[in-house]
Student: 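Structure below; questions to follow.
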There are 2 protein chains.
Amino acid sequence: MSELQPPPTRKIGKADVARAEILSAAAGLMRRVGYAEMSLRDLAAEVNMKAGSLYYHFQSKDDLVTEVMRIGVEVVEAAVREALARHPDLPPTDRIMIAVRVHLDTMLKKSDFVSSHIRCYPFVPTPIRNRLREVRRSYDRIWIDLLGEYLGPDAAYDDVRYLRHLLIGALNGALEWFNPNRDSAMAFAGHIEALLRNAR
Amino acid sequence: MSELQPPPTRKIGKADVARAEILSAAAGLMRRVGYAEMSLRDLAAEVNMKAGSLYYHFQSKDDLVTEVMRIGVEVVEAAVREALARHPDLPPTDRIMIAVRVHLDTMLKKSDFVSSHIRCYPFVPTPIRNRLREVRRSYDRIWIDLLGEYLGPDAAYDDVRYLRHLLIGALNGALEWFNPNRDSAMAFAGHIEALLRNAR
DNA sequence: GTCTATAATATGATAGAC
DNA sequence: GTCTATCATATTATAGAC
């Protein structure tokens with residue numbers, strides 16, 4: 001996972017590996033049990049450590065949690081931006097569908113960082129939410145731009161906002177029902193596409 | 001709140017009032033801080049009690065939480081069923097929009113029971129989720145029926161499922177962005193309506 | 001019905017040995 | 001870097017007085 005690597009100018013040491021393992025394990029735990037119920041003892045056990053050792057890598061539980069969630073937005077943002085960059089000239093609806101599929105796929109199959117962010121954000125303490133505001137805004141901007149093009153220059157600001165919230169809500173909701181053994185992200189995306197293509 | 005009253009055959013005593021106050025306060029706390037972070041001390045303080053006193057009314061924290069969440073589904077189900085019963089002969093799209101508006105309105109403005117259920121369900125222990133399965137199924141059935149009529153008798157089972165998850169996800173997502181001072185539930189519902197009317 | 005007091009356990013965090 | 005040991009505090013739950 002490239003997002004967990006330190007800057008390439010520095011050599012990857014033992015601490016970097018341990019830190020990355022802690023972050024991965026924390027993302028998985030947070031997604032499953034939530035922010036408050038993820039104890040540092042349980043987390044440490046998952047990476048064969050003792051709770052106190054985590055403090056060599058992170059100053060506090062909230063610092064660790066913030067880092068997990070920050071990586072989450074950055075992962076999905078990078079995935080969506082890359083996919084869109086490969087198809088710069090498609091019409092708006094097609095570009096939205098690319099973003100829809102990549103968002104779903106990253107969240108459901110690829111990254112506990114993304115899913116733990118989405119699930120835990122509502123209950124995380126305010127200081128953590130504040131520290132995440134900027135990265136979240138940056139990802140939102142992708143959708144604001146995509147939907148702005150879709151609705152056209154005459155659309156009201158709030159029209160873009162409501163449509164964005166509707167879409168992101170539908171996508172993130174999949175976290176609560178999607179079963180990889182039974183469900184198809186592409187089939188789900190197809191239903192979103194049908195609604196978007198016929199409207200407007 | 002009629003849902004908090006005991007069966008009408010029994011007189012409403014002091015215990016019933018206290019119990020109802022505890023449940024209301026718990027719903028508010030759960031919505032704000034989540035299942036794990038709602039301590040029984042904080043809850044007791046909100047109703048001017050001590051933590052131990054709660055055990056006169058409930059056998060355990062999880063029993064109390066289950067009851068709060070059970071009431072949540074029952075409240076929104078009753079509201080939607082009543083509204084639909086008043087317009088039995090409208091076309092499917094109109095009936096869906098009635099359900100959309102009542103679901104949004106109940107969740108956002110009326111009931112901490114509904115919103116705490118939606119927010120906390122993903123992180124609540126499995127035994128609690130099992131005890132809620134039946135009431136949740138009952139509410140789901142409303143939407144399965146509504147969307148089944150909308151898509152017509154030829155629609156596949158999964159088409160109804162995906163569309164239902166999409167819709168409920170968009171609605172429940174409002175819990176995370178809706179600001180009563182700034183946003184309009186009706187405007188949001190309007191965007192959903194535009195998509196549904198033009199599709200199919 | 002609600003209180004006080006407390007048991008039993010868990011938590012985030014720190015200090016210092018190795 | 002990770003450990004052990006521990007502090008200070010918080011948690012759910014219970015027992016018995018009032």
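Order of the sequence lines fixes the chain letters, A, B, ..., with proteins taken first and strands second; residue numbering starts at 1 for each chain. No experiment lies behind these values; they were computed from the predicted model shown.
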Student: Looking only at side-chain N and O atoms, does B:Tyr55 offer a donor or acceptor that is under 3.5 Å from a partner on B:Asp63?
Tutor: no
Student: Please report, rounded to the nearest Å, how far the P atom of C:dC18 is from the CE atom of A:Met49.
Tutor: 21 Å
Student: Checking contacts here: which listed nucleotide (C:dA13, C:dT11, C:dT2) is nearest the side-chain heavy atoms of A:Lys61?
Tutor: C:dA13
Student: Output the rounded distance in Å from CG (A:Asp42) to C1' (C:dA10).
Tutor: 10 Å
Student: Taking only side-chain nitrogens and oxygens of B:Ser39, does any of them come within less than 4.0 Å of OP1 or OP2 of D:dA10?
Tutor: no
Student: Check every atom of D:dT2, C:dT2, D:dA13 against the side chain of A:Lys14 and return the nucleotide holding the closest atom.
Tutor: D:dT2
Student: Tell me: CG of A:Leu40 to P of D:dT6, nearest whole Å?
Tutor: 20 Å
Student: Checking all strands, does A:Asn48 fall into the base, sugar-phosphate, or nothing category for heavy-atom contacts under 4.0 angstrom?
Tutor: sugar-phosphate
Student: For the pair made of CD in B:Glu46 and C1' in C:dT2, what is the distance, rounded to whole Å?
Tutor: 18 Å
Student: Taking the inter-plane angle between the rings of B:His117 and B:Tyr121 on a 0 to 90° scale, is it parallel (under 30°), tilted (30 to 60°) or perpendicular (over 60°)?
Tutor: parallel
Student: Round to a whole Å and report the spacing from CE of B:Met38 to P of D:dA13.
Tutor: 11 Å
Student: Using whole Å, what does the distance between atom P of nucleotide C:dC3 and atom OH of B:Tyr55 come to?
Tutor: 15 Å
Student: For the side chain of B:Ser60, counting heavy atoms from C-beta on, which of D:dA13, C:dT4, D:dC3 is nearest?
Tutor: D:dA13
Student: Within the distance-only criterion (no hydrogens, no angle test), does the side chain of B:Arg95 pair as donor or acceptor with the backbone N or O of B:Leu90 below 3.5 angstrom?
Tutor: no
Student: What nucleotide, of C:dT11, D:dT2, C:dG12, holds the atom closest to the side chain of A:His57?
Tutor: D:dT2
Student: How long is the line joining CD of A:Glu37 and C1' of D:dT11, in whole Å?
Tutor: 11 Å
Student: To the nearest 0.5 Å, what is the distance between CG on B:Leu147 and CZ on B:Arg161?
Tutor: 13.0 Å
Student: Whole angstrom is fine here: how far is it from CZ in A:Arg41 over to P in D:dT11?
Tutor: 16 Å
Student: Given C:dT4, C:dT2, D:dG1, identify the nucleotide with an atom nearest to the side chain of A:Ala15.
Tutor: D:dG1
Student: Hey, what do you get for CZ (B:Phe178) to CG (B:Leu171), rounding to the nearest 0.5 Å?
Tutor: 12.0 Å
Student: Reckon B:Tyr56 has a side-chain N or O less than 4.0 Å from the OP1 or OP2 of C:dT2?
Tutor: no
Student: Using OP1 and OP2 only, check whether a side-chain N or O of B:Ser53 sits under 4.0 Å from C:dG1.
Tutor: no
